[in-house]
Every structure is written in C-alpha cells, then in structure tokens.
Amino acid sequence: MKRYCQTLTLVDDELMIEQYVEAHRNVWPEIVEGQREVGILDMQIYRKGRNLFMICDTVDDFDWQRDMARLATLPRQADWEAYVAQFQGCKPDARSDEKWQLMDRIF
C-alpha cells in the first residue's frame, strides 16, 4: 500500500466551510466508485479551521500522475471538482492535483 498526504486551505467563510463539510458527509457515490476504480483504497480528510489534511491510501502500483489524471476523466468527477472548487477558492475547472498540495513525509 502507498500513502499520499495533501493539504489545502479553504475560503475564509465559515458558512461555506460548513457547506463543504456537509458535502463530504454526502459524497456522491460516483466519486467514491471512481476512487476505487483507479486504486484509491481509502481517503480521509481532516480539518483544523480553514486548513484541510488528506490521507490517501492506494494500491501498490498506484502512480499519482497517471491515476489522478484517469480519475479526472471518470463520470461526474469534473462536476464534483467544479462544485467543491467554490469552497476551496479555486477555478471551477481546476483539477484536484492543482488544488491539493502533496506533502513530503519527514518522520
């Protein structure tokens, strides 16, 4: 298994942040199905104020660039990215890898 960790800062608006949290309580089924299809085994997002931290566990042969590019082409993924972009302060057509910043493990 491989693990990737990422960070993102949400917009400075508590109401919008609550809407973002609510959206993730009810993630569209096609989004989770797409993640599984490309080899993402588990994804967790944690929040502290406006800051998000994502843990993404994948299959051993997962290639971040290749498989995230494939994920972006799956049904409803572009719609989901456009929807959550409003809370992330990004352009609606921004890809996930343009918004979320990969982190380096130091310990």
Side-chain angles (χ1 to χ4, degrees):
M1 177 179 75
K2 290 182 180 176
R3 173 169 282 173
Y4 297 89
C5 296
Q6 303 172 89
T7 188
L8 181 143
T9 302
L10 295 171
V11 296
D12 191 10
D13 182 317
E14 192 57 38
L15 179 59
M16 290 190 76
I17 291 172
E18 288 304 319
Q19 291 173 344
Y20 181 84
V21 170
E22 185 60 29
H24 283 80
R25 287 188 184 120
N26 300 290
V27 174
W28 305 342
E30 301 93 337
I31 302 309
V32 176
E33 291 166 14
Q35 291 172 351
R36 300 290 182 270
E37 185 176 325
V38 300
I40 297 171
L41 302 171
D42 186 46
M43 183 180 286
Q44 300 173 22
I45 300 175
Y46 295 85
R47 174 183 166 228
K48 175 82 171 155
R50 294 176 52 211
N51 300 310
L52 300 179
F53 175 71
M54 179 192 292
I55 300 171
C56 186
D57 293 329
T58 70
V59 295
D60 289 336
D61 64 345
F62 191 87
D63 176 273
W64 187 262
Q65 296 299 331
R66 178 195 69 210
D67 294 318
M68 292 304 283
R70 181 171 165 232
L71 179 63
T73 69
L74 296 180
R76 303 244 17 232
Q77 188 66 38
D79 296 335
W80 175 259
E81 294 297 341
Y83 174 66
V84 296
Q86 66 183 312
F87 310 111
Q88 299 166 331
C90 303
K91 295 184 295 183
D93 62 344
R95 295 184 322 265
S96 179
D97 66 339
E98 293 174 319
K99 300 185 279 187
W100 287 91
Q101 302 302 303
L102 279 172
M103 301 175 77
D104 296 321
R105 181 177 178 178
I106 62 169
F107 178 76

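When every heavy atom of W80 is checked against every heavy atom of A23, the shortest pair comes out as CH2-O, 3.6 Å. For the pair M1 and L41, the tightest heavy-atom approach, listed with the atom from each and the gap, is CG-CD1, 4.3 Å.
For K91, the NZ atom counts as loosely surrounded, since its 6.0 Å shell holds 12 or fewer non-hydrogen atoms of other residues, nucleotides or ligands.
Residues L10 and L52 have side chains in contact (heavy-atom distance under 4.5 Å, counting atoms from C-beta outward). Counting heavy atoms from C-beta on, the side chains of P92 and Q86 never come closer than 4.5 Å. Residues R50 and I17 meet the side-chain proximity criterion, which asks for heavy atoms closer than 4.5 Å. The shortest side-chain heavy-atom distance between W100 and I45 falls under the 4.5 Å cut-off. Considering only heavy atoms from C-beta on, I55 comes within 4.5 Å of D57 through its side chain. Counting only heavy atoms from C-beta outward, the side chains of L74 and E37 approach each other to under 4.5 Å. Side chains of Y46 and N51 form no contact here, defined as non-hydrogen atoms less than 4.5 Å apart. Looking at heavy atoms from C-beta onward, M54 lies out of side-chain contact with Q44 at the 4.5 angstrom threshold.
For the side chain to side chain contact (heavy atoms under 4.5 Å, CB included) criterion with Y20, the lone passing option out of V84, V11, D13 is V84.
The CG atom of D61 sits 7.5 Å away from atom CG of D67, with the distance rounded to the nearest 0.5 Å. Between T73 atom OG1 and M68 atom CE the span is 11.5 Å, to the nearest 0.5 Å. A distance of 6.0 Å separates CG of L8 from SG of C90, quoted to the nearest 0.5 Å. Between T9 atom OG1 and K99 atom NZ the span is 13.5 Å, to the nearest 0.5 Å. Once rounded to the nearest 0.5 Å, the distance linking CZ of R66 with CG of L71 reads 12.5 Å. The CZ atom of R70 lies 15.5 Å from the CD atom of Q65; values are rounded to the nearest 0.5 Å.
Of the N and O atoms on the side chains of Y4 and Q6, not one donor lies less than 3.5 Å from an acceptor on the other residue. Using modelled atom types and a 3.5 Å distance limit, the side chains of Q77 and D79 yield no donor-acceptor pair.
A continuous path of Ile, Leu, Val, Met, Phe, Trp and Tyr side chains, each step under 4.5 Å between heavy atoms, connects V27 with I40, placing both in one hydrophobic cluster. Under a hydrophobic-cluster definition in which Ile, Leu, Val, Met, Phe, Trp and Tyr are linked whenever side-chain heavy atoms come within less than 4.5 Å, directly or via other members, W64 and V38 are assigned to the same cluster.
The pair E18-R47 meets the salt-bridge criterion, with a side-chain N (NZ, NE, NH1 or NH2) lying under 4.0 Å from an Asp/Glu carboxylate O. Between E98 and R95, at least one side-chain nitrogen of the basic residue sits less than 4.0 Å from a carboxylate oxygen of the acidic one, meeting the salt-bridge criterion.
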Worksheet entry | Pair R25-E22, salt bridge (Lys or Arg N to Asp or Glu O under 4.0 Å): steps then yes or no | CA-CA 5 Å; R25 287 188 184 120; E22 185 60 29; 3.0 Å; yes
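The aromatic rings of F87 and Y83 sit perpendicular, their planes meeting at an angle over 60°, well past the 30° parallel limit.
At distances below 3.5 Å, at least one donor-acceptor pair connects side-chain atoms of K2 with backbone N or O atoms of F62.
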